[in-house]
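All residue numbers refer to positions in the sequence shown, counting from 1. Please read these numbers as outputs of a predicted model, since none were measured by experiment.
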Amino acid sequence: MTTAISVSPSPSQLSIISSAIPSYTHMAHNSSLLSLLFLYLFAISSAKVFFEERFDDGWENRWVKSDWKKEENTAGEWNHTSGKWNGDPNDKGIQTSEDHRFYAISAEFPAFSNKDKTLVFQFSVKHEQKLDCGGGYMKLLSGEVDQKKFGGDTPYSIMFGPDICGYSTKKVHAILTYNGTNHLIKKEVPCETDQLTHVYTFIIRPDATYSILVDNVEKKSGSLYTDWNLLPPKKIKDPEAKKPDDWDDKEYIPDPEDKKPEGYDQIPKEIPDTDAKKPEDWDDEEDGEWTAPTIANPEYKGPWKPKKIKNPNYQGKWKAPMIDNPDFKDDPDLYVFPNLKYVGIELWQVKSGTLFDNILITDEPEYALKFAEETWGKTKDAEKAAFEEAEKKKEEEESKDEPGDTDDEDEDDDNADDAEGDDDKEAKSEDSSELHDEL
């Protein structure tokens, strides 16, 4: 883990810089491209890394496991692992290991403010359990926090990461705390839903703009002013304005030159069915005089109405004019979190198996991009191949156990028990969906 805020490059930064040089040596003949390269490398080398965690040896000394929910026996344990499938068995993170448990863990770093600098919060997460309802988000906290009591009620500054629940919720949460109130981003930001590792990056800049990236690809960007309700709107509709009495907002009007056709009102709604025939057993003396049944008249078009034409005097839909909002007061420090000091994971899991790794807090987006490439980028293809191989073996094993094989009575009993367990899990999963909505 790196917590130094010095502008001098750390060993990991130097590794990133040196890895970039060979891919650009062919540019040496082009001075402009070379200049861009040096600017790029300078940005990386001068990056301030406030926190960097790869969960290598000694990680437990840097993190504090919370006692939250411990007395209720619902606190889950973390495993230090690379997961069931991975691109590098030596690249480990921390993974939730028990179903139906609360998880809370945090790490401290030297307090800092992002005033006048860019804030980049990045980490990777993998849902090996094929998550159907739960989160994979992390939090940045400010001020003094009792890490042993860190939990769902602990105030935070930023909450960020993927959230999945059923078919309706598959998005990236980005929640900012402003003046003691939590504000959720208004835009829908899609998240990944497979069982592989993905990198999530949240960038907040001094000009109050932001970007959200997934796997180093920008998914959303915009302004803190417009995409969160942190401040009242700058402009509002004039509450005193009223639509003028002579305002014509009818887009279409009856054609004054259209005339009702002569005899139109005499067209009957129904007419006798000319194809109907008197039944052979009809007796006029007993049944009365036979008359043909009626059917809808295809010539009848309903009450006559003149056709509509475009209104030549149409002025459009009236809207109240916008005026300056008297309740709006700009805050040039809208983007600032003055005392960031902790990073934490706090979540509830019905099905365990979510794995976090490669957490980074820095002031340089280019460094974060290269950091993702040097971690997730180097192993993602191998991880995908390992996952596909695991799925293939799973399918082969399931095909061998399909009904119809020569199973003995004990195996039948075991299968019955498994089926009951699956039913129980489905019922609990439904309960978790309700709990997730409540949280």
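Ring geometry for W348 against F102 counts as tilted: the plane angle lies between 30° and 60°, on a 0 to 90° scale. A tilted orientation is assigned to the rings of F112 and F109, their planes being inclined by 30° to 60°. W59 and H80 have tilted rings, their planes meeting at an angle from 30° to 60° on a 0 to 90° scale.
Of the possible polar contacts, one joining the K187 side chain to the S221 backbone as a donor-acceptor pair under 3.5 Å is found. Remark: side-chain polar atoms of T201 are not paired, donor with acceptor, to backbone N or O of Q122 under 3.5 angstrom. Of the possible polar contacts, one joining the E383 side chain to the T197 backbone as a donor-acceptor pair under 3.5 Å is found. Although no hydrogens or angles enter the test, the distance criterion places a donor-acceptor pair under 3.5 Å between the side chain of D258 and the main chain of K307. When atom types are taken as modelled, the side chain of Q147 and the backbone of S106 share a donor-acceptor pair closer than 3.5 angstrom. For D99 (side chain) and S352 (main-chain N/O), a donor-acceptor pair under 3.5 Å exists by modelled atom type. Between the side chain of D238 and the main chain of P321, no donor-acceptor pair closer than 3.5 Å is present.
Looking only at atom types and distance, the side chain of E346 has no donor-acceptor partner in the side chain of W68 under 3.5 Å away. Between the side chains of S157 and S142, at least one donor N or O lies within less than 3.5 Å of an accepting N or O. T118 and D363 are not linked by any side-chain donor-acceptor pair at a separation below 3.5 angstrom, with hydrogens and angles left out of the test. Inspection of the S82 and D91 side chains reveals no N or O donor paired with an N or O acceptor under 3.5 Å. Looking at N229 and H183, their side chains never bring a donor and an acceptor atom within 3.5 Å of each other. Defined by atom type and a distance below 3.5 Å, a donor-acceptor pair is present between the side-chain atoms of Q349 and T96.
For the atom pair F337 CZ and Y178 OH, the distance stands at 10.5 Å (nearest 0.5 Å). To the nearest 0.5 Å, atom CD1 of residue I253 and atom CG of residue D248 are 7.5 Å apart. Atom CG in D357 sits 9.5 Å away from atom CG in D56 (nearest 0.5 Å). Distance check, rounded to the nearest 0.5 Å: CG of N358 to OG1 of T379 gives 8.0 Å. Taken to the nearest 0.5 Å, the OG atom of S97 stands 11.0 Å off from the CG atom of L355. With values rounded to the nearest 0.5 angstrom, H127 atom NE2 is found 5.0 Å from T354 atom OG1.
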- Task: Could you give me the CA-CA distance, side-chain angles and deciding distance for D88 and N90, then say whether side-chain contact (heavy atoms from CB on, under 4.5 Å) is met?
- Result: CA-CA 5 Å; D88 180 357; N90 296 317; 3.5 Å; yes
- Item | Criterion side-chain contact (heavy atoms from CB on, under 4.5 Å) on T209 and Y335, from CA distance to verdict | CA-CA 8 Å; T209 62; Y335 71 97; over 6 Å; no
- Message: With side-chain contact (heavy atoms from CB on, under 4.5 Å) as the criterion, how do F371 and T362 come out once you've worked through the C-alpha distance, each side chain's angles and the decisive distance to 0.1 Å?
- Response: CA-CA 11 Å; F371 180 76; T362 180; over 6 Å; no
- CA sep, side-chain torsions, deciding dist, call: E391, K394, side-chain contact (heavy atoms from CB on, under 4.5 Å): CA-CA 5 Å; E391 287 293 288; K394 180 180 176 182; 4.1 Å; yes
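No close placement of the W78 and F55 rings is indicated, their centers lying 6.0 Å or farther apart.
For the pair K92/N86, no side-chain contact is recorded, criterion being any heavy-atom separation below 4.5 Å from C-beta on. Looking at L230 and Y225, their side chains never come closer than 4.5 Å, going by heavy atoms from C-beta outward. In this structure, Y367 and V49 have side chains that are in contact, with non-hydrogen atoms separated by less than 4.5 Å. Residues H198 and K126 form no side-chain contact, since every pair of their non-hydrogen atoms from C-beta on lies 4.5 Å or further apart. Residues L360 and V120 form no side-chain contact, since every pair of their non-hydrogen atoms from C-beta on lies 4.5 Å or further apart. By the 4.5 Å heavy-atom criterion applied to side chains, F356 and Y103 are not counted as neighbours. In this structure the side chain of K65 reaches within 4.5 angstrom of the side chain of E60, judged on heavy atoms. Side-chain contact between I185 and Y210 is present, with at least one heavy-atom pair separated by less than 4.5 Å.
In K220, the NZ atom is crowded: over 12 heavy atoms of neighbouring residues, nucleotides or ligands sit closer than 6.0 Å. In D207, the CG atom is crowded: over 12 heavy atoms of neighbouring residues, nucleotides or ligands sit closer than 6.0 Å. Within 6.0 Å of NZ on K148 lie more than 12 heavy atoms contributed by other residues, nucleotides or ligands. Dense packing is recorded around CD of E398, with more than 12 heavy atoms of other residues, nucleotides or ligands lying under 6.0 Å away. The number of heavy atoms from other shown groups lying within 6.0 Å of CD (E257) does not exceed 12. Atom CG of D330 has more than 12 neighbouring heavy atoms from other residues, nucleotides or ligands inside a 6.0 Å radius. No more than 12 heavy atoms of other residues, nucleotides or ligands shown are found within 6.0 angstrom of NZ on K84. The environment of K242 atom NZ is sparse: at most 12 non-hydrogen atoms of other residues, nucleotides or ligands sit within 6.0 angstrom.
Annotation for F387 and L196: closest pair CB-CD2, 3.7 Å, computed over non-hydrogen atoms. The shortest non-hydrogen separation linking Q195 to E128 is NE2-O, 2.9 Å. For I361 against F121, the heavy-atom pair with the smallest separation is CG1-CD1, 4.0 Å. Smallest separation of non-hydrogen atoms from D249 and G316: CB-O, 3.6 Å. Contact detail for P190 and V172: the closest heavy-atom pair is O-CG2, 3.6 Å. When all heavy atoms are compared, the tightest approach of D163 to G134 is OD1-O, 3.2 Å.
Electrostatic pairing of K378 and E373 does not count as a salt bridge here, judged by no charged N lying under 4.0 Å from a carboxylate O. Salt bridge status for E364 with K48: absent, with no side-chain N to carboxylate O gap under 4.0 Å. Electrostatic pairing of R101 and E77 does not count as a salt bridge here, judged by no charged N lying under 4.0 Å from a carboxylate O. Note on D67 versus K149: no salt bridge recorded, every NZ/NE/NH1/NH2 to OD/OE distance being 4.0 Å or above.
By the ring-ring contact (aromatic ring centres under 6.0 Å, His included) test, Y200 is found to be paired with no residue, residues two or more places apart in sequence or in another chain being considered.
Checked against I158 for a side chain to side chain contact (heavy atoms under 4.5 Å, CB included), the options N182, I204, I175 give a single hit: I204.
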